[in-house]
Amino acid sequence: GRDAATQGFRFGVGDQLEVRVYREPELSGTYMVGPDGQIQFPLTGPVAVGGLTAAEIAGRVTEALSGKYLRNPQVTVLLTEVQSRKVSVLGQVDQPGTFIYQESMTIVEAVSQAGGFTKLAERRRAKVTRLRNGKEQTFVIDVERILEGQAPNLVLQPGDVVRWQ
C-alpha cells in the first residue's frame, strides 16, 4: 500500500511529512519541506531533508535530538502529502489522476497505474508535457508502437503530464 510506495520516495520542496517522536507529543507534528530543502524542527532548528528517504530523515532528526535534548529518541517519519514528485495521467484512461513518481517510471507504467486505456484512447498520440528550464515542452508519443515492442519505452520525469485525446 502507501508504505511500499513511500519506501524509496525521496522528499522534495513542498512535500509534507509527519514526524513522530515517541512519548514527545510536542515534538511530533507535520512539517513541510521549504524551498531550501529543510524542515523547521522545534529545539534543533532547521533539518536538511531534501533528496532523503523517510528512514534517512528519521535518522537525521534522531541525531539532532540525541544527547542534547533526549536520551534515546525514537523517531518515525511518514509521507503525508506529495507536491514535488508527481506524474499526472489524464484523458482517455480508466482512472485519470496524479500518481507518486517512482524512480525511472515509464509511460506504460503510468498508464497501468491509471487503470489502462479506455476504448476511445488514441494510443498512437499520447501528449507528454514537461517543464524544462521553466519552459513547457510537449511531445507526442506513439504508445501503440511501444506496446508492440517497435519503439523504446519512454522514461517519465517528475512533474510530467501525460494526456490522451
Side-chain angles (χ1 to χ4, degrees), residues 1-91 93 95-115 126-139 141 152-163:
R2 263 174 75 92
D3 292 340
T6 61
Q7 270 172 350
F9 179 81
R10 296 189 177 278
F11 286 79
V13 175
D15 291 336
Q16 266 185 23
L17 53 137
E18 187 183 336
V19 178
R20 289 184 190 158
V21 184
Y22 182 64
R23 291 199 171 142
E24 299 290 336
E26 66 282 353
L27 292 179
S28 301
T30 304
Y31 300 90
M32 184 179 270
V33 183
D36 54 1
Q38 299 182 328
I39 56 170
Q40 299 303 320
F41 199 73
L43 290 182
T44 68
V47 178
V49 300
L52 301 182
T53 64
E56 290 166 341
I57 294 169
R60 287 240 170 132
V61 173
T62 302
E63 226 169 84
L65 289 170
S66 287
K68 205 171 357 172
Y69 304 105
L70 298 173
R71 188 162 292 158
N72 189 10
Q74 291 173 346
V75 179
T76 311
V77 172
L78 304 165
L79 172 67
T80 52
E81 197 184 322
V82 179
Q83 289 298 331
S84 67
R85 297 173 74 78
K86 291 181 181 172
V87 170
S88 298
V89 184
L90 307 172
V93 285
Q95 296 148 8
T98 301
F99 305 91
I100 293 179
Y101 175 83
Q102 308 286 353
E103 216 49 58
S104 63
M105 182 183 213
T106 64
I107 193 166
V108 172
E109 288 168 345
V111 171
S112 72
Q113 279 207 4
K127 280 193 177 157
V128 178
T129 306
R130 177 173 294 170
L131 219 53
R132 270 225 184 105
N133 309 324
K135 288 196 180 76
E136 243 183 36
Q137 292 183 326
T138 300
F139 36 102
I141 304 294
N153 206 339
L154 173 75
V155 176
L156 297 175
Q157 290 181 4
D160 280 358
V161 176
V162 183
R163 189 179 280 112

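Residues Thr80 and Leu17 come closest through the heavy atom pair OG1-N, 3.6 Å. Closest of all the heavy-atom pairs between Asp15 and Arg85 is OD1-N, 4.5 Å. Nearest approach of Tyr69 to Leu43, heavy atoms of both residues: OH-O, 3.1 Å. Among all heavy-atom pairs drawn from Thr98 and Ser88, the shortest one is OG1-OG, 3.3 Å. Counting all heavy atoms, side chain and backbone alike, Phe11 lies closest to Gln16 at CE2-O, 4.1 Å.
When the shell of 6.0 Å around CD of Gln40 is examined, it contains more than 12 heavy atoms from other residues, nucleotides or ligands. Residue-environment remark: CD (Gln137) exceeds the threshold of 12 foreign heavy atoms within 6.0 Å. Counted within 6.0 Å of CZ on Arg163, heavy atoms from surrounding residues, nucleotides or ligands total 12 or fewer; the atom is thus considered open. Heavy atoms of other residues, nucleotides or ligands lying less than 6.0 angstrom from NZ of Lys86 number more than 12.
In this structure, CE on Met105 lies 9.5 Å from CD1 on Ile100, to the nearest 0.5 angstrom. Taken to the nearest 0.5 Å, the OG1 atom of Thr44 stands 11.5 Å off from the CD atom of Glu63. Thr138 OG1 to Arg130 CZ: the interatomic distance, rounded to the nearest 0.5 Å, is 10.5 Å.
Listed for the Tyr101 side chain is no donor-acceptor partner under 3.5 Å among the backbone atoms of Asp160. With hydrogens and angles disregarded, no donor-acceptor distance shorter than 3.5 Å links the side chain of Arg60 to the backbone of Val49.
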Show me the donor-acceptor pairs, under 3.5 Å and distance only, between side chains in residues 19-28 and residues at least two apart or in other chains.
residue: Arg20; atom: NE; partner: Glu18; partner atom: OE2; Å: 2.7
residue: Arg20; atom: NH2; partner: Glu18; partner atom: OE2; Å: 3.4
residue: Ser28; atom: OG; partner: Val21; partner atom: N; Å: 2.8
residue: Ser28; atom: OG; partner: Val21; partner atom: O; Å: 3.4
residue: Ser28; atom: OG; partner: Glu24; partner atom: O; Å: 3.2

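Exactly one of Val108, Val89, Val161, Val162 qualifies for a side-chain contact (heavy atoms from CB on, under 4.5 Å) with Leu156. That residue is Val162.
In this view, Tyr31 and Phe41 satisfy the ring-ring contact (aromatic ring centres under 6.0 Å, His included) rule, not counting sequence neighbours.
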Take Gln102 and Glu109 through the test side-chain contact (heavy atoms from CB on, under 4.5 Å) and record every step on the way to the result. CA-CA 10 Å; Gln102 308 286 353; Glu109 288 168 345; 5.9 Å; no

